[in-house]
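First the structure, in the form of structure tokens, and then the observations on it.
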Amino acid sequence: MPNIESVESRGASQTVKALLSMRELLLTGELSAGQRVSEIWAVDRLGVSRTPVRAALLRLEEEGFLEALPGGGYAVKTFSEQDAFDAIEIRGALEGLAARLAAERGVEPGRLAAMDNLLAEIDGIVGKPKLSSEDFRSYTRLNENLHQALAEACGGKVLARQIERAQALPFAHPSGFVQAQAQHHEAHTIFILAQDQHRSVVDAIRNREGARAEALMREHARLAARNLRIALENQRTLGLVAGSQLLRSVADNL
């Protein structure tokens, strides 16, 4: 008889695989706006059973990527520019709450040391006079790791899960604009500013300054909103933003 925990673990793993794979298809443009998505199609495309596919599709509906159709299946949704800015604001509010709670509750030295190490690695990248493609890839990885560390610093698993869900919203991921940002003539300055905000948030948490940590983290998210505005002004750079093909312009709504 199979171990119940191992069976449940495999089921959860398959659901995560299906969710990540479907989200990638959406964000890379393989699934286009308005396209119909059925369970059977997803099972064949992803190579997993119907149960994890069904769970993944329901999760993507909750996140706003898909819309349930009356006759069954789903359709890929589009998003307004306001939707994108709201998603960034939601992520910033939750990350700000996590930073404040971390400062108020205190963070164990090991966690702070890990964040300091990430900051030092990012310093090594943004301190270069010119950034290569590999530097941008490294920055993306380190930035994601730092944001995850900040989300988990307060020790609240419920809040960390909500931040993860918010980051999955279209255009809300902390590294969602790195590639587009890299094309801007002020790219280096923007990365330096972002890193200064990273360090200020960690220092505020270390010094138990809750209100300051929250305000800094929310302001940091607004840097992503600034990058979105820049991308919206340039279709070439907008195409480098994951999920941009799902974004409808103001003109499309008229």
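In what follows, residues are counted from 1 in the order of the sequence shown.
- The shortest side-chain heavy-atom distance between I163 and Q148 does not fall under the 4.5 Å cut-off.
- Residues E67 and Y74 are not in side-chain contact: their nearest non-hydrogen atoms beyond the backbone lie 4.5 Å or more apart.
- From I190, atom CD1 reaches atom CD of Q195 across 14.5 Å, with rounding to the nearest 0.5 Å.
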(request) Show your reasoning for whether side chain to side chain contact (heavy atoms under 4.5 Å, CB included) applies to L25 and L46. (result) CA-CA 10 Å; L25 293 177; L46 304 181; 4.2 Å; yes
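- At most 12 non-hydrogen atoms from other residues, nucleotides or ligands lie less than 6.0 angstrom from CD1 of I40.
- No donor-acceptor contact under 3.5 angstrom links the side chains of S138 and D135, judged on distance only.
- Residues E121 and N145 form no side-chain contact, since every pair of their non-hydrogen atoms from C-beta on lies 4.5 Å or further apart.
- Residue A149 comes nearest to M115 through the heavy atom pair CB-CG, 3.8 Å, listed as atom of the first residue, atom of the second, then distance.
- Proximity of a side-chain donor or acceptor of D83 to a complementary backbone N or O of S80 within less than 3.5 Å is detected.
- Within a 6.0 Å radius of CD in E24, no more than 12 heavy atoms belonging to other residues, nucleotides or ligands are found.
- Of the possible donor and acceptor atoms, one in the side chain of R91 sits under 3.5 Å from a partner among the backbone N and O of A172.
- Scanning all heavy atoms of the two residues, the minimum distance from A166 to I90 falls at CB-CG2, 4.2 Å.
- Of all heavy-atom pairs between A84 and L228, the closest is CB-CD2, 3.6 Å.
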(request) Show your reasoning for whether side chain to side chain contact (heavy atoms under 4.5 Å, CB included) applies to M22 and F65. (result) CA-CA 10 Å; M22 283 297 300; F65 282 103; over 6 Å; no
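- Using a 4.0 Å cut-off between charged nitrogen and carboxylate oxygen, R141 and E144 do not count as a salt-bridge pair.
- Distance CD1/I205 to CG/L112: 7.5 Å, rounded to 0.5 Å.
- Side chain of R165 to backbone of E62: no donor-acceptor contact under 3.5 angstrom is found.
- Interatomic distance, CZ of F191 versus CZ of F136, reported as 5.0 Å (0.5 Å rounding).
- Here ring pair (Phe, Tyr, Trp, His ring centres under 6.0 Å) pairs that include residues 196-215, with residues two or more places apart or in two chains, are H147-H198, H198-H220.
- Using a 4.5 Å heavy-atom threshold, the side chains of L101 and E104 count as touching.
- Taken to the nearest 0.5 Å, the OG atom of S200 stands 5.5 Å off from the CZ atom of R212.
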(request) Begin from the C-alpha positions of M217 and L150 and carry the test side chain to side chain contact (heavy atoms under 4.5 Å, CB included) through to its verdict. (result) CA-CA 10 Å; M217 203 67 204; L150 288 166; 3.8 Å; yes
(request) Might you work through the side chain to side chain contact (heavy atoms under 4.5 Å, CB included) test for R59 and T15, ending with a clear yes or no? (result) CA-CA 10 Å; R59 173 70 177 272; T15 298; over 6 Å; no
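- Side-chain contact between W41 and L31 is present, with at least one heavy-atom pair separated by less than 4.5 Å.
- The backbone N or O of Q35 sits nowhere less than 3.5 Å from a side-chain atom of S32 that would complete a donor-acceptor pair.
- When every heavy atom of A103 is checked against every heavy atom of R208, the shortest pair comes out as O-NE, 2.6 Å.
- Proximity of E152 to K157: side-chain heavy atoms (C-beta onward) are nowhere separated by under 4.5 Å.
- Contact record, I125 with Y139: CD1-N, 3.7 Å, taken as the closest heavy-atom pair.
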(message) Using salt bridge (charged side-chain N to carboxylate O under 4.0 Å, His left out), reason through E30 and R45 one step at a time and then give a plain yes or no.
(response) CA-CA 12 Å; E30 186 166 338; R45 180 65 177 77; 2.7 Å; yes
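- For the residue pair D86/Q82, the side-chain donor-acceptor check at 3.5 Å is satisfied.
- Salt-bridge formation is detected for the pair R222/E89: a Lys NZ or Arg NE/NH1/NH2 atom is positioned less than 4.0 Å from an Asp or Glu carboxylate oxygen.
- Counted within 6.0 Å of CD on E164, heavy atoms from surrounding residues, nucleotides or ligands total 12 or fewer; the atom is thus considered open.
- In this structure, the side chains of L216 and Q197 stay at 4.5 Å or more apart for every pair of heavy atoms.
- Under the 4.5 Å side-chain heavy-atom criterion for ILVMFWY residues, no single connected hydrophobic cluster contains both L60 and L69.
- A salt bridge does not link E95 with R218: every distance from a Lys NZ or Arg NE/NH1/NH2 to an Asp or Glu carboxylate oxygen is 4.0 Å or more.
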(request) Using the salt bridge (charged side-chain N to carboxylate O under 4.0 Å, His left out) rule, take R206 and D116 through it: C-alpha gap first, then chi angles, then the decisive distance, then the call. (result) CA-CA 11 Å; R206 191 193 320 274; D116 286 338; 2.7 Å; yes
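- Of the possible polar contacts, none joining the E214 side chain to the A99 backbone as a donor-acceptor pair under 3.5 Å is found.
- Note on R199 versus D123: salt bridge recorded, some NZ/NE/NH1/NH2 to OD/OE distance being below 4.0 Å.
- Going from atom CG of L26 over to atom CG of L66 covers 5.5 Å, rounded to the nearest 0.5 Å.
- Between E39 and R54 there is a salt bridge, since at least one side-chain N of the basic residue sits less than 4.0 Å from a carboxylate O of the acidic one.
- Considering all non-hydrogen atoms of both residues, R50 and V43 come closest at CG-CG2, 3.6 Å.
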